[in-house]
**Student:** 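What follows is a single structure, and I will ask about it in a moment.
Basis for what follows: all heavy atoms, side chains included, without hydrogens, waters or symmetry-related copies. Just so you know, ligand 1 is whichever comes first in the structure, and atom 1 is the first atom listed for that ligand.
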Amino acid sequence: MIDSTTSIRMVNKKLIVPDQVTIPFITGDGIGPDVTAATQSVVNAAIEKAYQLEKKIIWKEVFAGEKAFHQTGKWFPQGTLNAFSEYIVGIKGPLTTPVGGGIRSLNVAIRKDLDLYVCLRPVRYFRGINAPVSQPEKIDVIIFRENTEDVYSGIEFEADSQETKMFLEWLKEQSPDSYQKIRFPQSVGLGIKPISKQGSQRLIRAAIEYAIRNKRPIVTLIHKGNIMKFTEGAFQMWGYDLAESEYKDFIYTARQFEHTKKHTGIAEAKKEKEWALSNGRIWMNDVITDAAFQNLLLYPQDFSVIATSNLNGDYLSDALAAQVGGIGISPGANINYQTGIAIFEATHGTAPDIAGKNLANPSSLILSSVLMLQYLGWNEAAELITKALEKTINHGQLTQDLAQFVIGSTVLSTSEFAKAIISNF
Ligand code: NAI
């Protein structure tokens, strides 16, 4: 039974968050219990410090992964899914993907079944972490990665299968030119990459609204539209269409600039852009994926909010996290802004090699809880944790994964690291 007095509701597209709020959580497998305990202690302490007894999270454990399998014989019980959709906001540790045929990745199942179409991956630098680039502090980017289409829809047909043969026959008949492009039809495997207007625009809308809410100066659409015109290229076109039709008082696009340049000349286009940006408009541009990887290394300050399709976003979010030395500590969230349902999660795996040893770095889940507190509107508690984490890392108080690269640092266990953050509030 759901406790309606402590559950979040979505009314007129707005979250109504009670002061005593139930948050379902999945502990996770491997290092899950270590990082979850550390995260909850930091979050509870921050809420107490920020609001005394006025606000509180009531943590409600729900099960998935190995723990669920041992208790119920199911990797992903329906009750867990129900809890996330009823309580709206939840958090999870990493889950083992069971090896063997027929079992979906639990992470993919959660995103799919709850239609969590935004994968949110903020990337910023924490002073004191060893980063591979010379000016990591220039990186402060929020990636909105589409989470339900593209390669995530997983439509693939094996070489030599019945489906592949039937599809090839159909293609040969219906579109001989396309068929001709297949170099080795006898041994080809096929994949289908669906990218729709609806799916793209709901993702891009989320990125635009985030940029407006958080006063971010640039939204960049990243795509490979030069090669894949009707999927990636359409993603870019639908992004500009949305911005120019529904957000024209908030956004000035590179496409508008090009249009003015073509019709009235460069001087007029520059004047128009200058006026728009000096009057608070957000600049929306687009960059081809390969150039984006290059430019994020060379000119990271030119990026602020990124909206991109699934596979691009997969590569970009890990590459960018590596650029700030934070691949193991970057946070993540999967969100449906229409239903409000959001699950915040550690982005690393279960780290079986250090499971149960109190050695894991809990920063990824702690930073995901910061995103969660911001999503709830509990910004004071979020700010306390962020500042204290910055201070802890900057003082060289680090878990072993980061300490090994920082000369003179103090190596802390998972629980000691959580205590250090709390003492730095
Ligand atoms: P992994 O992220 O668990 O481990 C890779 C390496 O990073 C290991 O050396 C590990 O010790 C280290 N590491 C990871 N997180 C750490 C942390 N918080 N603190 C310190 N060191 C950390 O990736 P791997 O080995 O590929 O996957 C293990 C399991 O995790 C698999 O079953 C996989 O399916 C699952 N997984 C789950 C994810 C999720 O639930 N979101 C994401 C990625 C993997």
**Student:** Could you list the donor-acceptor pairs under 3.5 angstrom formed by side chains in residues 15-25, with sequence neighbours left out?
**Tutor:**
unit_1, atom_1, unit_2, atom_2, d
D19, OD1, K55, NZ, 3.0
T22, OG1, T6, OG1, 2.6

**Student:** For atom 27 (O) of ligand 1, is the nearest protein heavy atom closer than 4.0 Å?
**Tutor:** no

**Student:** Give me the nearest non-hydrogen protein atom to atom 34 (O) of ligand 1 as residue plus atom name, then the distance to 0.1 Å.
**Tutor:** T97 OG1, 3.0 Å

**Student:** Please list, chain by chain and in numerical order, all residues satisfying salt bridge (Lys or Arg N to Asp or Glu O under 4.0 Å) with D150, sequence neighbours excluded.
**Tutor:** K193

**Student:** Would a search of protein heavy atoms around atom 24 (P) of ligand 1 find one under 4.0 Å away?
**Tutor:** no

**Student:** Would a distance-only check, ignoring hydrogens and angles, find a side-chain to backbone donor-acceptor pair under 3.5 Å from S413 to L359?
**Tutor:** no

**Student:** Below 3.5 Å, N or O to N or O, backbone or side chain included: is there any such pair between A360 and ligand 1?
**Tutor:** no

**Student:** Protein heavy-atom contact under 4.0 Å for atom 37 (C) of ligand 1?
**Tutor:** yes

**Student:** What do we get for S364 next to ligand 1 when only non-hydrogen atoms under 4.0 Å count, side chain, backbone, both or neither?
**Tutor:** neither

**Student:** How far is atom 16 (C) of ligand 1 from the closest protein heavy atom, and which atom is that?
**Tutor:** I31 CD1, 3.9 Å

**Student:** If the threshold is 4.0 Å, N to carboxylate O, is there a salt bridge linking R124 and E390?
**Tutor:** yes

**Student:** Test salt bridge (charged side-chain N to carboxylate O under 4.0 Å, His left out) on K60 and E86 and set out the steps.
**Tutor:** CA-CA 12 Å; K60 178 183 171 62; E86 283 160 0; over 6 Å; no

**Student:** Any Lys/Arg nitrogen of E137 or R127 sitting under 4.0 Å from an Asp/Glu carboxylate oxygen of the other?
**Tutor:** no

**Student:** Using a 4.0 Å heavy-atom cut-off, which part of I354 comes near ligand 1: side chain, backbone, both, or neither?
**Tutor:** side chain

**Student:** Counting heavy atoms only, which of N361, L402, D353, D401 comes nearest to atom 19 (N) of ligand 1?
**Tutor:** N361

**Student:** One thing to verify: whether E246 and R205 come together as a salt bridge, which I'm taking to mean a side-chain N less than 4.0 angstrom from a carboxylate O.
**Tutor:** yes

